[in-house]
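Before any comments, here is the structure.
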Amino acid sequence: MDEVLAVVDSALGDGPMSEPWAWTDDELSARVDLVYAHQQRVSAAHLAVIREIQGRGLPARQGMTSASQWLHQRHRITTGLAGRLLRLGQALDSDEHAATAEALASGDVNVEQAEAIVDLLRDLPAQHRAEGEARLLDEAVHSDRHGLRERAAQLLHELDPEEAERREAHAAEHEAERAHLARSLTFHDVPGTQQTRVRVVLERAEAALLRETIDAQCGPQHEPRPAAGSASDAVLRSPRQQRADALMELCRIAQFTGSLPANGGDRPHVSVIVPFDTLADMHSAAASHAGAAARAARASTTVRRSAPRPRGGSRATR
């Protein structure tokens, strides 16, 4: 590698070998491709070198907390970029990604493509990664990392259809569970206004039911009315306002049915269990008491009727 670096350094000198303005269009196009391929080859060498530095533990022996921190201090790159380079170098150093490492070293793929291939192969079963790597390298001839991602989405269906169906079913089940747990209804009073913001998160099926119900309430049989205080029919409710009014109308209809509980769930109540004999004794006692009270009332009425009325007792005399 020392000889290669010496040749590159000698060829570059203080700048380009000759002034680019002197090149023809074909020469310019050819040389930019050549320089770009050499750049990828140099990147492969760079990854191999920092991988060896990390493997030897050189940063720790020089008092640094990590290899990414060492690269950050030495080359003034961000720790995020340093971490990506270290992870890619470690991956390309393994036998599992030998073909990708060779393609980068020959300049057939760029660093971005190599990083995408390494990441995408993790989603494939181990027994299909070699074939998947070969197909992604073929795709890299005319696709960037986004195209590689789209191609990788088809690989599992091609290499293992049963596993692809199983993963899709599992993903759909997980998404349905996540959507169910994420459902919510919140109210937020807007300070300084008479408004309340209502935010609803529902599952697709529940949202479809709500939309269908509201749309039915907003149908032709419920024509929009003029806005409050409007003297003509020219000012009508917007579709958003119609949906809001329809939702409130549905709430009023639910209240008028009388089937809603007073305070969530069942109405508060107290259950008292009394033996039948106790109820019978209470009924007899109540009947006896009512009879005695009736007899006392009749006797009092008879006494008042039989008492003589006073004649002029307290009237003032003239």
Side-chain angles (χ1 to χ4, degrees), residues 1-55 67-68 71-72 74-124 128-155 158-159:
M1 181 177 290
D2 291 339
E3 293 80 2
V4 174
L5 293 176
V7 171
V8 171
D9 185 67
S10 175
L12 291 177
D14 296 331
M17 281 185 286
S18 60
E19 297 296 336
W21 57 265
W23 298 342
T24 65
D25 292 347
D26 292 339
E27 291 175 338
L28 193 63
S29 299
R31 287 174 180 174
V32 73
D33 293 340
L34 184 61
V35 170
Y36 184 75
H38 286 319
Q39 182 182 1
Q40 307 315 309
R41 299 180 67 183
V42 171
S43 296
H46 181 222
L47 292 172
V49 171
I50 62 176
R51 168 58 180 158
E52 183 63 23
I53 290 173
Q54 183 184 28
S68 60
L71 289 173
H72 166 69
R74 194 173 186 87
H75 294 159
R76 297 168 301 282
I77 62 176
T78 64
T79 54
L81 176 58
R84 287 175 54 193
L85 293 174
L86 289 168
R87 288 190 296 272
L88 181 58
Q90 183 178 5
L92 295 179
D93 190 41
S94 65
D95 295 337
E96 189 176 21
H97 303 101
T100 303
E102 183 179 353
L104 181 62
S106 61
D108 294 333
V109 299
N110 56 44
V111 175
E112 191 177 52
Q113 289 175 312
E115 187 177 17
I117 291 174
V118 169
D119 291 339
L120 293 171
L121 289 178
R122 294 192 184 101
D123 295 333
L124 290 177
H128 299 306
R129 289 177 182 172
E131 178 63 23
E133 183 180 33
R135 297 191 184 190
L136 288 177
L137 287 173
D138 291 339
E139 183 69 23
V141 176
H142 49 77
S143 296
D144 59 7
R145 64 186 182 91
H146 299 293
L148 290 173
R149 188 171 300 277
E150 294 176 358
R151 182 69 180 90
Q154 307 170 1
L155 284 179
E158 298 173 1
L159 300 174

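Below, each value reflects all heavy atoms present in this structure, side chains not excepted, and no hydrogens, waters or symmetry copies.
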Do you know which two heavy atoms are closest between [X] and [Y], and how far apart they sit?
| X | Y | answer |
| --- | --- | --- |
| Ala44 | Leu104 | CB-CG, 3.8 Å |
| Leu47 | Leu85 | CD2-O, 3.4 Å |
| Val109 | Ala140 | CG1-CB, 3.9 Å |
| Asp93 | Arg51 | OD2-NE, 3.4 Å |
| Ser68 | Ala82 | O-CB, 3.6 Å |
| Leu148 | Leu136 | CD2-O, 3.3 Å |

Is the closest side-chain heavy-atom distance between Leu71 and Leu86 below 4.5 Å? yes

Close side-chain approach of Leu121 to Glu96, heavy-atom, < 4.5 Å: no

Is it true that atom CD of Glu102 has more than 12 heavy atoms of other residues, nucleotides or ligands lying nearer than 6.0 Å? no

Other residues, nucleotides, ligands: >12 heavy atoms within 6.0 Å of Arg151 CZ: yes

So, Gln113 side chain and Ser143 main chain: donor-acceptor pair closer than 3.5 Å or not? yes

When you measure from the side chain of Gln40 to the backbone of Ser106, do you find a donor-acceptor pair of N or O atoms at a distance under 3.5 Å? no

Indicate whether the side chain of Thr24 and that of Asp26 have a donor and an acceptor atom separated by less than 3.5 Å. no

Could you tell me the separation between the [atom1] atom of [X] and the [atom2] atom of [Y], rounded to the nearest 0.5 Å?
| X | Y | atom1 | atom2 | value |
| --- | --- | --- | --- | --- |
| Ile50 | Arg74 | CD1 | CZ | 13.0 Å |
| Gln54 | Arg87 | CD | CZ | 10.5 Å |
| Arg41 | Asp108 | CZ | CG | 9.5 Å |

Is it true that Glu133 and Arg129 have a side-chain N and a carboxylate O under 4.0 angstrom from each other? no

